Amino acid sequence: MNITESIFYIGVNDHNIDLFEGQYDVPNGMAYNSYVIKDEKTAVMDTVDANFGDEWLTNLENALNGAAPDYLIVQHMEPDHSANIIKFAEKYPQAEIVGNAKTFVMMKKFYGSDFSDRRITVTDGQTLSLGSHTLTFVFAPMVHWPEVMVTYDSTDKVLFSADGFGKFGALDTDEDWACEARRYYFGIVGKYGAQVQTLLKKAAALDIKTICPLHGPILKEDLGYYIGLYNTWSNYDVESEGVFIAYTSVYGNTKKAAELLKEKLEAQGCPKVAIADLAREDMAESVEDAFRYGKLVLATTTYNADIFPFMREFINDLLERGYKKRTIGIIENGSWAPTAAKTIKAKFEKSKEITFTETTVTINSALDDQSTAQLDSLAKELL
Ligand code: FEO
């Protein structure tokens, strides 16, 4: 696949993976992207996952069409991109490995070699000329590892964006970009909003016509849409008006309250109400929805003097990603000593710009007139 006249796609699709990065469900698989820039000198941009080394080398060979690569540029050392560095280096002994100081420290740890006799160690902003193409390396630490750098080709105006602008899903499946890019972003990069903002500011100074990420489709049109979403996400801003109700329920009573709140909100014209059973639905999907909407309702039971385990995990997921700028309402349920609301509020104690609704719904085992009236108040407040 040609991206420009001299840039070729040589990545692979993975439909065998069970969990990406050991935890994320990827129902439509995963793509590990890699590219070749052909010029007087030929550069290869990253490798692919360990299971696809042979397929990738075949793609590379086809794209090279008899030429030999001069450089392997390593933008990110996470093994989904770096696993075939050794294979590549053995097959093409004349090629030099390009990375930064941190890249080579990690390379030695992962693969036992840092290629001290055939490497180019670049600094932030350094350029590499391939002939008519000039590549500029822009360091992007913590997007999503410390050694990450992105690469700008000023000739074809292509930004090779490493994990940035990536998404779950193989390239041979047709699905909405934002849905799986948002789940990917908040799952994997979400903690590093400040660092993504720094990268976006650097990128704003560049004339970009194409974004080539390491996962997901190559972006060629309407780049403002994708960059705008990345700006919203990394700034922790609200993307969509609406309420997300996340609940756990043991015998169905908390679920009933969560669903009744949804009905009340919808009846009163709330633009969007999303709801999820945290024990049964994909946790990363719930994390993404919590960041997408401006209002979050947490409905759970008191459990072992804490809260129900799936809710505890969900809140931890939000906290470790710096959840902020949101309104939270609580529905607590307890049969003899309901303390979930107090426990939840304590968990968010150090969070910035979190507002709790005045109304907390307290259910004593099952909904009654009093707790149903509290649901009405909560719905009004959320609207
Ligand atoms: Fe796709 Fe951070 O690796």
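In this text the structure is predicted, and so the values were computed from the model without any measurement. First listed ligand is number 1; within each ligand, the first listed atom is number 1.
By the side-chain contact (heavy atoms from CB on, under 4.5 Å) test, Glu96 is found to be paired with Tyr71, Ile120, residues two or more places apart in sequence or in another chain being considered. Under the side chain to side chain donor-acceptor pair (under 3.5 Å) criterion, Tyr152 pairs with no residue at all, not counting sequence neighbours. Take Thr151 and apply the side chain to side chain donor-acceptor pair (under 3.5 Å) test, not counting sequence neighbours, and it matches Gln75.
Ring to ring, Phe186 and Phe291 are close: their centroids are under 6.0 angstrom apart.
Few gaps surround NZ on Lys325; more than 12 heavy atoms of other groups in view lie less than 6.0 Å from it.
Around atom 2 (Fe) of ligand 1, protein N, O or S atoms at less than 2.8 Å comprise His76 NE2, Glu78 OE1, His144 ND1, Asp163 OD2.
Look at Glu266 and Lys262 and you find a salt bridge, because one of the NZ, NE, NH1 or NH2 atoms lies within 4.0 Å of a carboxylate O, short of that distance.
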